[in-house]
2 protein chains.
Amino acid sequence: MRYHKVPDETIRRLPKYLRCLLWLESQGERNVSSVGLAKLVGVNPWQIRKDFSYFGGFGKRGVGYAIETLATEMKKILRLNVVNKAALVGMGNLGRAVLAFSGLEKYGFEIVAAFENDPKKVGERTCGVVVEDVSKIRTLKDRGVYVGIIAVPRGVVQEVADDLLGAGVNGIVKFSPGYITVPKKVKVITIDIAMDFARLPYYMPRNLP
Amino acid sequence: MRYHKVPDETIRRLPKYLRCLLWLESQGERNVSSVGLAKLVGVNPWQIRKDFSYFGGFGKRGVGYAIETLATEMKKILRLNVVNKAALVGMGNLGRAVLAFSGLEKYGFEIVAAFENDPKKVGERTCGVVVEDVSKIRTLKDRGVYVGIIAVPRGVVQEVADDLLGAGVNGIVKFSPGYITVPKKVKVITIDIAMDFARLPYYMPRNLP
DNA sequence: TAATGTGAAACCGTTCACAGCG
DNA sequence: CGCTGTGAACGGTTTCACATTA
């Protein structure tokens with residue numbers, strides 16, 4: 001199946017598989033079947049087998065998957081097997097939380113720079129990172145940073161994105177609302193907490209009075 | 001078209017439409033066409049028209065949509081036209097950020113309670129909410145709270161979810177990793193920042209050395 | 001006339017059933 | 001024999017083209 005395009009939905013699931021594999025590994029497990037992994041992740045076994053099949057199949061028939069090998073393969077596919085240096089722009093509530101969030105290291109991300117507009121925040125040190133003025137975003141060019149994290153108010157999102165792109169960033173995680181235009185080769189992932197909340201009540205049973 | 005099932009993907013887009021409509025409204029605009037709204041949201045015009053058609057069509061042919069009316073309809077469909085009281089469990093980095101996040105009020109959410117395990121945090125007051133001990137989750141039953149927000153370490157997620165469900169919660173926003181089992185009628189929305197980051201490098205052009 | 005609303009076609013992803021293999 | 005890997009059927013979503021209507 002090497003010649004088929006891999007569905008985006010498959011790519012969306014791979015990190016979940018990886019997380020569970022890392023957990024199984026930490027529990028001292030060696031092997032897992034598609035059924036076992038499925039229970040952990042919360043999807044169907046055939047979905048897992050199909051997803052893996054896009055990359056050629058990693059299992060042993062009659063046995064299952066070798067956890068360590070599979071985890072390594074997942075990381076390679078997702079390109080998480082190297083350190084991905086990231087720069088954060090915006091030190092508001094959300095920006096600070098992201099900087100303090102330790103869950104990213106496990107997947108190879110390292111936030112090596114933080115930028116702010118507000119002069120009062122520039123110079124402060126948080127989680128080992130010294131906050132710089134936004135005008136310094138251009139200096140990222142020489143720092144091996146290709147991932148940008150945007151957590152600024154909506155009005156300046158496009159501007160910040162353009163600055164990041166100009167500094168060589170080609171992947172963006174955007175916590176701010178608002179659609180931005182970027183070159184086709186640049187990937188933007190939007191995390192929009194309010195939008196996720198906003199579709200919850202639709203699915204909830206009517207709250208009786 | 002009232003008798004067709006509405007696609008989940010449509011429901012996922014409605015809040016985005018709503019946000020843009022509210023913004024247009026704040027700019028003093030009265031009407032918008034599917035093309036105009038499409039540009040703002042970043043989707044195709046026919047997608048928007050199709051989405052609206054599931055609910056019967058809100059536009060005037062040859063003119064477009066009345067922004068205020070449409071926004072009101074969106075809110076009604078999403079059930080955001082009433083106050084949704086929510087309870088937060090877990091006052092770590094992420095929990096605090098969510099509590100401080102002001103973007104939820106606009107959509108009718110009000111975080112009226114916060115719970116923590118750690119006795120040192122119990123009693124502190126943040127953003128107008130006094131932190132209570134997790135054992136008090138059961139008291140939610142009488143407080144008109146139907147939305148639970150989980151931001152606790154992975155080991156205790158299921159336990160916290162069960163407590164919330166026992167207290168009458170029937171919609172959960174979960175920031176913690178790990179699959180949880182809940183009754184079918186309960187909706188769980190998972191926001192998993194690390195998983196969103198983890199699929200970014202796959203889509204990024206190769207970082208040359 | 002300019003924009004909506006909508007069947008039908010095309011596309012994509014999921015599910016199934018079972019062949020293939022260790 | 002058990003579990004993986006996969007072509008084919010299925011179902012849901014997007015796209016299209018155009019009839020419709022203020």
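Labels below follow one simple rule: chain letters A, B, ... track the order of the sequence lines, proteins then strands, and each chain is numbered from 1.
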Students often get this wrong, so: under 4.0 angstrom with heavy atoms, is B:Ser34 touching a base, only sugar-phosphate, or nothing?
sugar-phosphate
Salt bridge check: are A:Glu159 and A:Arg154 linked by an N-O gap of less than 4.0 Å?
no
Take the protein atom CD of A:Glu9 and the nucleotide atom P of C:dT15, then report the distance between them rounded to whole Å.
12 Å
A:Arg12 CZ - C:dG13 C1' separation (whole Å):
13 Å
A:Asp51 CG to C:dC12 C1', straight-line distance once rounded to whole Å:
14 Å
Counting primed atoms, P, OP1 and OP2 as sugar-phosphate and everything else as base, the B/S/- map of nucleotides 15-22 of chain D against protein heavy atoms under 4.0 Å is BS--BBBB
note: A:Phe58, atom CZ; D:dC3, atom C1'; distance rounded to Å ~ 17 Å
Rounding to a whole Å, what distance do you find between B:Lys39:NZ and C:dA3:P?
11 Å
Rounded to whole Å, CZ of A:Phe55 lies from P of D:dT4 at a distance of 17 Å
Euclidean distance, atom CD1 of residue B:Ile48 to atom C1' of C:dT6 [Å, nearest integer]
16 Å
Can you say whether the rings of A:Phe109 and B:Phe197 are parallel (under 30°), tilted (30 to 60°) or perpendicular (over 60°)?
perpendicular
Worked verdict on A:Arg143 versus A:Glu132 for salt bridge (Lys or Arg N to Asp or Glu O under 4.0 Å)
CA-CA 14 Å; A:Arg143 297 204 248 169; A:Glu132 303 167 62; 2.9 Å; yes
Taking only heavy atoms on the protein side, list every residue of residues 65-79 of chain B lying under 4.0 Å from any atom of DNA chain C, sorted numerically.
B:Tyr65
Can you tell me how the ring of A:Phe52 sits relative to the ring of A:Tyr65, calling it parallel under 30°, perpendicular over 60° and tilted otherwise?
perpendicular
Quick one about A:Asp8 and B:Tyr202 (side-chain donor to acceptor, distance below 3.5 Å, no hydrogens or angles considered), yes or no?
no
Protein-nucleotide distance (A:Tyr54, atom OH; D:dT6, atom C1'), rounded to Å
10 Å
Is a salt bridge present between A:Glu68 and A:Arg30, judged by a nitrogen-to-oxygen distance below 4.0 Å?
yes
A:Gln158 side chain to A:Ile180 backbone, donor-acceptor under 3.5 Å
no
Considering every strand and a 4.0 Å limit on heavy-atom distances, what is the contact class for A:Arg13: base, sugar-phosphate, or nothing?
sugar-phosphate
Answer yes when B:Asp192 and A:Arg19 have at least one side-chain N-carboxylate O distance shorter than 4.0 Å, and no when they do not.
yes
Value for NZ (A:Lys75) from CG (A:Leu14), rounded to nearest 0.5 Å, stands at 14.0 Å
